[in-house]
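Since we're looking at a predicted model, the values are computed, not measured. Here is how names work: the chains are called A, B, and so on, in the same order as the sequence lines, proteins then strands, and each is numbered from 1.
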Number of protein chains: 2
Amino acid sequence: MSQPSKRPTIRDVARAAGVSVATVSRALSGDYPVSTATRARIQRAVRDLDYVVNAHARALSGATSKVVAILMKETVTPFYAHIAAGVEAEAAEHGRLCLVCTTHGDADRELEIIKLMREQHADAVILVGGVVENEEYRERMKRYAIGLADAGSKLVTCARPPLGPDIPAIAVEYDNVGGAYAATSHLLSAGHRRILMLAGPDGFTTSDQRVVGYRNALAAYKIAVDPALISHGDMGRDGGYDRTAAVLDRGVEFTGVFAGNDNTAAGAIAALRDRGRRVPEDVSIIGFDDVPLAGDLNPPLTTVHLPHEELGRTAVKMALQGNGSGRQHVMLGTHIVVRDSVTTATPH
Amino acid sequence: MSQPSKRPTIRDVARAAGVSVATVSRALSGDYPVSTATRARIQRAVRDLDYVVNAHARALSGATSKVVAILMKETVTPFYAHIAAGVEAEAAEHGRLCLVCTTHGDADRELEIIKLMREQHADAVILVGGVVENEEYRERMKRYAIGLADAGSKLVTCARPPLGPDIPAIAVEYDNVGGAYAATSHLLSAGHRRILMLAGPDGFTTSDQRVVGYRNALAAYKIAVDPALISHGDMGRDGGYDRTAAVLDRGVEFTGVFAGNDNTAAGAIAALRDRGRRVPEDVSIIGFDDVPLAGDLNPPLTTVHLPHEELGRTAVKMALQGNGSGRQHVMLGTHIVVRDSVTTATPH
DNA sequence: GTGAAAGCGCTAACAT
DNA sequence: ATGTTAGCGCTTTCAC
């Protein structure tokens with residue numbers, strides 16, 4: 001048995017203040033002219049009754065819902081956590097509440113949740129982090145995007161590839177290819193020629209872009225890509241460990257590692273050590289992300305810093321600024337943070 | 001100019017399917033008996049029109065809001081991130097959306113947001129992480145708690161001290177004092193007698209409890225507490241560094257460190273090294289939290305594992321299971337994860 | 001400056 | 001099994 005909501009409504013406030021509900025609504029909404037005396041009486045009634053508006057009733061009768069929704073792969077990894085923090089902070093500055101959901105990389109679940117978001121009439125729906133797309137996915141996404149658009153919600157993709165020209169959405173990206181290019185070049189310019197790339201699952205766009213950066217950098221140095229040096233798989237700490245160990249055990253040699261992210265790098269370092277390689281003396285390594293503890297790894301990790309917070313904030317800003325309803329696209333930059341995990345390649 | 005919501009309503013579906021809105025509502029809600037043929041026609045209409053219910057309208061007309069709200073100090077620290085992940089996961093399993101807000105430790109802001117949550121009529125409001133309380137805070141919190149209760153929302157405190165016997169709320173805690181006691185005892189039993197405690201800001205309950213555990217453990221070993229060995233301050237990585245450095249520079253000696261959390265520990269280790277102390281040969285250190293990268297620090301950090309996810313999940317479970325509306329209280333346990341940062345004290 | 005009244009889209013009696 | 005109708009609590013014309 002759920003207790004009947006015995007909470008005061010706007011009508012109770014009106015009665016207590018001796019005015020009409022319309023006046024109460026106006027006094028509370030702010031801008032509209034209401035006499036000071038009346039306003040005072042109303043505010044007093046609000047306090048006495050401990051009245052709070054009903055957000056659903058408000059949203060229903062036309063006003064905006066004051067909610068922005070984020071949909072991400074997961075929330076705990078620093079990469080996602082910091083983007084979410086940026087979204088939340090910016091949303092709060094705009095007086096918005098923040099709805100957070102996770103997909104765990106499942107495209108179906110993502111679509112399912114977008115449907116839920118549609119029901120909520122969020123002011124903005126922000127999609128963070130990639131999923132593996134297929135045709136059916138694109139179909140449904142398109143339909144939902146249109147649905148969102150004409151329900152007045154802005155759809156924005158953040159830190160993932162844009163949805164496509166036929167889908168109404170804002171895109172906020174960071175320079176993934178450029179970052180990977182810079183990371184690889186950093187290793188290259190230190191004299192490394194055989195560089196192991198610890199990439200994400202094949203077909204996972206974000207990771208694929210990093211591979212492109214890796215290839216481009218190699219190409220710029222006129223070095224042929226050795227497929228044996230590109231490992232696809234789990235990007236977690238253990239994935240980094242296992243895959244590095246596997247490559248080593250396979251007898252493949254390299255003096256540099258470009259890890260898909262810092263966690264992967266942490267695992268790779270451990271695997272290297274366990275196999276008797278010194279880091280960075282024998283093998284140099286560069287990460288991607290710049291997580292908070294990157295500087296406390298052993299050795300302190302040289303890595304590519306991503307503008308996580310800024311991505312989140314920008315996504316919200318773009319969605320909320322009523323400006324041009326056209327499609328928009330922003331690309332944020334990255335930079336390398338040099339620490340101690342990369343050193344000059346030992347000449348052989 | 002916001003586009004008029006030209007979305008189909010339940011009435012459009014009813015018309016398209018040639019039935020009444022009530023039938024549509026019933027067919028969509030599930031349980032109520034509706035003939036298979038009618039249901040099929042309705043579902044077809046839903047697809048054709050791309051209809052989605054309006055969550056606000058639904059919530060307004062009595063049904064539950066299907067939203068649980070979390071209010072935390074911040075979201076990026078693993079401690080909070082993992083609790084939030086637990087909440088989100090459990091909420092999702094119950095078909096709930098998850099509203100996330102941050103207070104940044106500001107009590108006023110916390111109250112402000114609780115007010116917003118009240119407007120949302122969330123099924124549950126979960127408060128994670130402490131704030132520094134004062135009398136006015138307790139007053140307002142009590143009023144809000146009552147408001148939440150008779151609007152049908154459950155209030156639950158999670159990983160923070162219960163609100164008090166006169167406030168209707170569920171409490172989910174972990175054994176903070178016990179964990180700190182165990183951590184300190186671990187150092188003590190390794191022969192350490194002068195143990196630096198890197199605590200949080202004075203008056204911050206969560207940290208204060210850890211200090212109690214520290215004191216209790218010392219007392220059990222009949223060792224007097226040296227105030228010079230208890231440092232209060234920022235619990236971040238830099239706080240750990242700066243405060244450890246300061247104590248060292250002050251000439252205070254110790255062979256063990258109990259860090260308030262793993263980040264603090266990471267900073268402390270760096271400070272120790274920079275001052276020429278080896279870890280763990282000269283100084284042993286134990287952390288608190290067991291963050292993901294704790295095992296990749298140098299040396300791998302011995303620490304106290306907290307049941308983060310479980311705290312979040314339990315909070316949601318307790319709130320959502322309609323059982324006894326009375327106050328409830330759960331205390332989850334902790335355990336030490338032994339790695340390499342603690343070693344036997346060098347006899348002098 | 002203030003009030004009356006018409007919805008917003010849905011669910012839940014209450015009929016039939 | 002299905003239809004009718006009265007709200008849920010609020011904002012917003014339209015009058016005065």
Practice item. Give the B/S/- string for nucleotides 10-16 of chain D, one per nucleotide from 5' to 3', where a protein heavy atom under 4.0 Å of the base yields B, of only the sugar-phosphate yields S, and otherwise -. Key: BBBB---
Point to revise | d(CD, A/Glu119; P, C/dC10) in whole Å | key: 10 Å
Point to revise | Protein-nucleotide distance (B/His121, atom NE2; D/dC8, atom C1'), rounded to Å | key: 11 Å
What are the two closest heavy atoms between [X] and [Y], and how far apart are they?
X	Y	result
B/Arg109	B/Thr103	CD-O, 3.8 Å
B/Arg160	B/Val128	CD-C, 4.3 Å
A/Cys158	A/Gly312	SG-N, 4.3 Å
A/Thr75	B/Ala85	OG1-CB, 3.9 Å
B/Ser153	B/His121	OG-C, 4.1 Å

Check your understanding: Would one find more than 12 heavy atoms of other residues, nucleotides or ligands at under 6.0 Å from atom CZ of A/Arg44?
Key -> no
Practice item. Identify whether the distance between the nearest side-chain nitrogen and carboxylate oxygen of A/Glu88 and A/Arg313 falls below 4.0 Å. Key: no
Check your understanding: Within the side chain of A/Arg41, is there an N or O that forms a donor-acceptor pair under 3.5 Å with the backbone of A/Ala17?
Key -> yes
**Study point:** Verdict with supporting geometry, A/His56 and B/Glu119, side-chain hydrogen bond (donor to acceptor under 3.5 Å, both in side chains)
**Key:** CA-CA 8 Å; A/His56 299 301; B/Glu119 300 181 357; over 6 Å; no
Revision key, fill the gap. Secondary structure of DNA chain D per the Watson-Crick/G-U criterion (both distances under 3.5 Å; [ ] crossing, | other strand, . unpaired) is ||||||||||||||||
Review point. Parallel, tilted or perpendicular: which fits the ring planes of A/His308 and A/His82, with parallel below 30° and perpendicular above 60°?
Key: tilted
Exercise for review: Kindly state which residues belonging to residues 34-50 of chain A come within less than 4.0 angstrom of DNA chain C, counting heavy atoms of the residue only, listed by number.
Suggested key: A/Val34, A/Ser35, A/Thr38
Revision key, fill the gap. The residue, A/Leu60 or A/Pro33, whose nearest nucleotide of DNA chain C is more 5′ is A/Pro33
